[in-house]
There are 2 protein chains.
Amino acid sequence: MNEFTNYVSKIIELDTKAQSEFDLKIKTAEFKKGQFIVSEQSICRNIYYLKLGIIKFYFINAEGKEVIFRFFTEQSLFTSLESFILQKPTAHMMLTLEPVIVEYISKQDLDELCAKHHSISKLNTYMLSMAATNMIRRFSELMSDRSSARYNNFVLENSQLMQRISLGDLANYLGITQVSLSRIRAAK
Amino acid sequence: MNEFTNYVSKIIELDTKAQSEFDLKIKTAEFKKGQFIVSEQSICRNIYYLKLGIIKFYFINAEGKEVIFRFFTEQSLFTSLESFILQKPTAHMMLTLEPVIVEYISKQDLDELCAKHHSISKLNTYMLSMAATNMIRRFSELMSDRSSARYNNFVLENSQLMQRISLGDLANYLGITQVSLSRIRAAK
DNA sequence: ATAATTATTTATCATTTGTTAAAGGATATA
DNA sequence: TATATCCTTTAACAAATGATAAATAATTAT
């Protein structure tokens, strides 16, 4: 059984038939560091399960600056949601920060399975719920504290992740410049 | 037929039986200006359709300041999503800024209808998709421009709404203080 | 209408953050 | 090892924003 199937089975109980049909649709792909899994203007046709590596989910804003929605690490699901739902070109990119192995299912296959199996429809609902609540939390986090507090909080809650991302990327995630982040770090 | 039912029928085609069962579950409520439809620490048990009025969806951040997710106006769906999904107390409030009339369906009723009718399950999927993509857009908007540009943009795209909300609320929505917004307005 | 309350603007000063440039470290490549 | 490249820090200055208080305008209540 694929890791993706195993992962979702622990979240939503899938009946045997639904599970095996889901598992059959899973494909695997590998990427080198610095490659786009979803590039600008492409259509995101899949939901991905991240087996290995780390991914930066971001866009370039009106001032030409990089804004990071979030990072994804092992054992997480991701997709460029707006593009995935409407199957139209995305402005939101998925870039590998390390060598990456993913498993994925296409929207078409997932839609077909949703129509066929109620348990997979429930899985789909769960994945959308997580996408929505994660964005709500991300927005709240960004609006909740001054940047120094956001930095301290990030270090506390993501000590492992700190070792895998650059301070430049962290600054963008926190919504400040790298110079500003250096100042915050120096001020301790 | 309730306005809520009519509204969703235009988005997702519901078979006759699903539609009438959905319609039977809809309830109505009225609120005066300045009342909470969802108050802090309460559990949000419903999805609402806003028939009349305007609502502020917000929370109080770690520094004690009000942060506005968004405003809702007539003919829109809303719920305090995290609380609704997990049925746990919310930190996100829904406050009426005008007299309000809503129609709503409970989570329990909706879940039952989802299990029974695939078309309603699709409706549920649609509503979650919108919640997620709306938050993605809101986040992007907030991170895309300097505050003066965000203000100009808001005025352009929400000229009707401008007449119904206070500048203090608008400032909070834009992520700045009211004093700062006054400066931006004066600088024109 | 008058008073009281609330909303908005203006002014002043302090703080934060951005910008630019340069310097120092670290890492990768030949 | 030496060189080049990338990442991070530091410094100096400018711009934006916050905090506070006071003044003005608008709204609500008596």
Side-chain angles (χ1 to χ4, degrees), chain A residues 32-36 53-56 58 60-68 71 95-99 141-155 158-188, chain B residues 31-35 53-54 56 58 60-68 71 95-99 141-155 158-159 161-188:
Chain A
K32 292 176 193 159
K33 175 178 172 174
Q35 283 192 304
F36 286 101
I54 180 166
I55 285 160
K56 173 165 78 172
Y58 73 103
I60 305 298
N61 76 7
E63 293 167 301
K65 284 172 194 158
E66 188 175 300
V67 178
I68 298 180
F71 304 100
L95 179 67
T96 63
L97 300 181
E98 291 177 1
E141 170 194 81
L142 194 72
M143 300 296 279
S144 268
D145 270 312
R146 49 187 66 262
S147 55
S148 58
R150 290 205 299 281
Y151 168 73
N152 291 326
N153 205 47
F154 187 94
V155 172
N158 302 86
S159 51
Q160 7 53 283
L161 191 55
M162 279 294 291
Q163 268 110 48
R164 299 171 77 182
I165 61 174
S166 72
L167 291 172
D169 279 342
L170 176 54
N172 287 341
Y173 179 87
L174 297 173
I176 56 178
T177 61
Q178 180 166 358
V179 173
S180 187
L181 176 57
S182 266
R183 271 192 292 239
I184 289 167
R185 285 161 59 86
K188 300 229 46 173
Chain B
F31 297 86
K32 291 176 194 159
K33 174 176 173 175
Q35 283 192 304
I54 178 166
K56 174 166 78 171
Y58 73 103
I60 305 298
N61 77 8
E63 292 168 300
K65 284 174 194 157
E66 187 175 301
V67 178
I68 298 180
F71 304 100
L95 179 68
T96 64
L97 300 181
E98 290 175 3
E141 170 194 81
L142 194 72
M143 300 296 277
S144 268
D145 269 312
R146 49 188 66 263
S147 55
S148 59
R150 290 206 298 282
Y151 168 73
N152 291 326
N153 205 48
F154 187 93
V155 173
N158 303 86
S159 51
L161 191 55
M162 278 295 291
Q163 268 111 49
R164 300 172 74 183
I165 61 176
S166 73
L167 291 172
D169 280 343
L170 176 54
N172 288 342
Y173 179 87
L174 296 173
I176 57 179
T177 61
Q178 181 166 357
V179 174
S180 186
L181 176 58
S182 265
R183 271 192 290 241
I184 289 166
R185 284 160 59 84
K188 298 234 35 176

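Below, read A as the first sequence line, B as the second, and so on, with proteins coming before strands; counting in each chain starts at 1.
- For B/Lys65 and D/dA19, the shortest distance from a side-chain N or O to OP1 or OP2 is below 4.0 Å.
- Between B/Ser166 and C/dT6, a side-chain N or O to OP1/OP2 separation shorter than 4.0 Å is absent.
- If you measure from atom NZ of B/Lys32 to atom C1' of D/dT28, you get 17 Å, rounded to the nearest angstrom.
- Summarising the geometry, the separation between NZ on A/Lys33 and C1' on D/dC7 is reported as 11 Å, rounded to the nearest angstrom.
- Closest contact between the side chain of A/Val179 and the listed nucleotides D/dA16, D/dA21, C/dA21 involves C/dA21.
- Each of B/Val155, B/Asp145, B/Ile184 was scored for a side chain to side chain contact (heavy atoms under 4.5 Å, CB included) with B/Arg150, with one residue passing: B/Asp145.
- If you measure from atom CD of B/Gln178 to atom C1' of C/dT8, you get 6 Å, rounded to the nearest angstrom.
- With values rounded to the nearest 0.5 angstrom, A/Asn158 atom CG is found 11.0 Å from A/Gln163 atom CD.
- Counting to the nearest Å, the P atom of D/dT10 and the CZ atom of A/Arg185 are 10 Å from each other.
- If you measure from atom OH of B/Tyr151 to atom P of D/dT17, you get 14 Å, rounded to the nearest angstrom.
- The side chain of A/Thr177 contributes an N or O atom lying less than 4.0 Å from OP1 or OP2 of C/dG18.
- Whole-Å rounding puts the B/Gln163 CD to D/dT27 C1' distance at 17 Å.
- Counting only distance, with no hydrogens or angles, the side chain of B/Asn61 and the backbone of B/Lys65 share a donor-acceptor pair below 3.5 Å.
- One can place CG of B/Leu181 at 14 Å from C1' of D/dA16, the figure rounded to the nearest angstrom.
- Residue A/Ala186 has its side chain nearest to D/dT10 when only C/dT10, D/dT10, D/dC7 are considered.
- Close to C/dT17, at under 4.0 Å from its OP1 or OP2, lies a side-chain N or O of A/Ser147.
- Closest contact between the side chain of A/Ser180 and the listed nucleotides C/dT17, C/dT8, D/dT17 involves C/dT17.
- Of the listed residues (A/Thr177, A/Leu181, A/Ile176), just one forms a side chain to side chain contact (heavy atoms under 4.5 Å, CB included) with A/Ser147, and that residue is A/Ile176.
- Of the candidate nucleotides C/dT9, C/dT16, D/dT9, C/dT16 has the atom lying nearest to any side-chain atom of A/Arg146.
- Between the side chains of A/Glu141 and A/Tyr173, at least one donor-acceptor pair of N or O atoms lies under 3.5 Å.
- Rounded to a whole Å, the CG atom of B/Leu167 is 12 Å from the C1' atom of D/dA25.
- Judged by distance alone, with hydrogens and angles left aside, A/Arg183 brings a side-chain donor or acceptor within reach of the base of C/dG18, the pair sitting under 3.5 Å.
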